[in-house]
Amino acid sequence: SFVNILKKLLIMTAGLGISGLIGAVSCVLLLYVLIDAAIAGADEVVWLYLCAAVGVIVGGICFRFILWAGKSNNVLQ
């Protein structure tokens, strides 16, 4: 029905927002940790790619968790 489709759409939108935020925060935190390595002479481009990859992976895991948690469970209803 329309309500179920709307519910799934809203859960996916909330999941994208929350997981995107968590992924971005983890990316920034990793960037701060790896700045010391860049100062020590490591290649900055590699570290930026690593930060982006970690942010995407963490965000994807959070998104899957939110979608899993948003599924309706008939046992609880």
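When reading the values below, keep in mind they use all heavy atoms of this one structure, side chains included, and skip hydrogens, waters and symmetry mates. Keep in mind that what you see is a predicted model, and the values were worked out from it rather than measured.
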Hey, can you pull the donor-acceptor pairs under 3.5 Å for the side chains in residues 17-25, sequence neighbours left out?
| residue | atom | partner | partner atom | Å |
| --- | --- | --- | --- | --- |
| S19 | OG | G15 | O | 2.6 |
| S19 | OG | L16 | O | 3.4 |

Under the 4.5 Å side-chain heavy-atom rule for ILVMFWY, direct or indirect, which residues accompany V3?
-> none
Partner of V58 under side-chain contact (heavy atoms from CB on, under 4.5 Å), picked from V54, V56, I61, is V54
Could you pull out all residues at least two apart from L6 that satisfy side-chain contact (heavy atoms from CB on, under 4.5 Å)?
-> F2, L10
With sequence neighbours excluded, what pairs up with I11 under the side-chain contact (heavy atoms from CB on, under 4.5 Å) test?
-> K7, L67
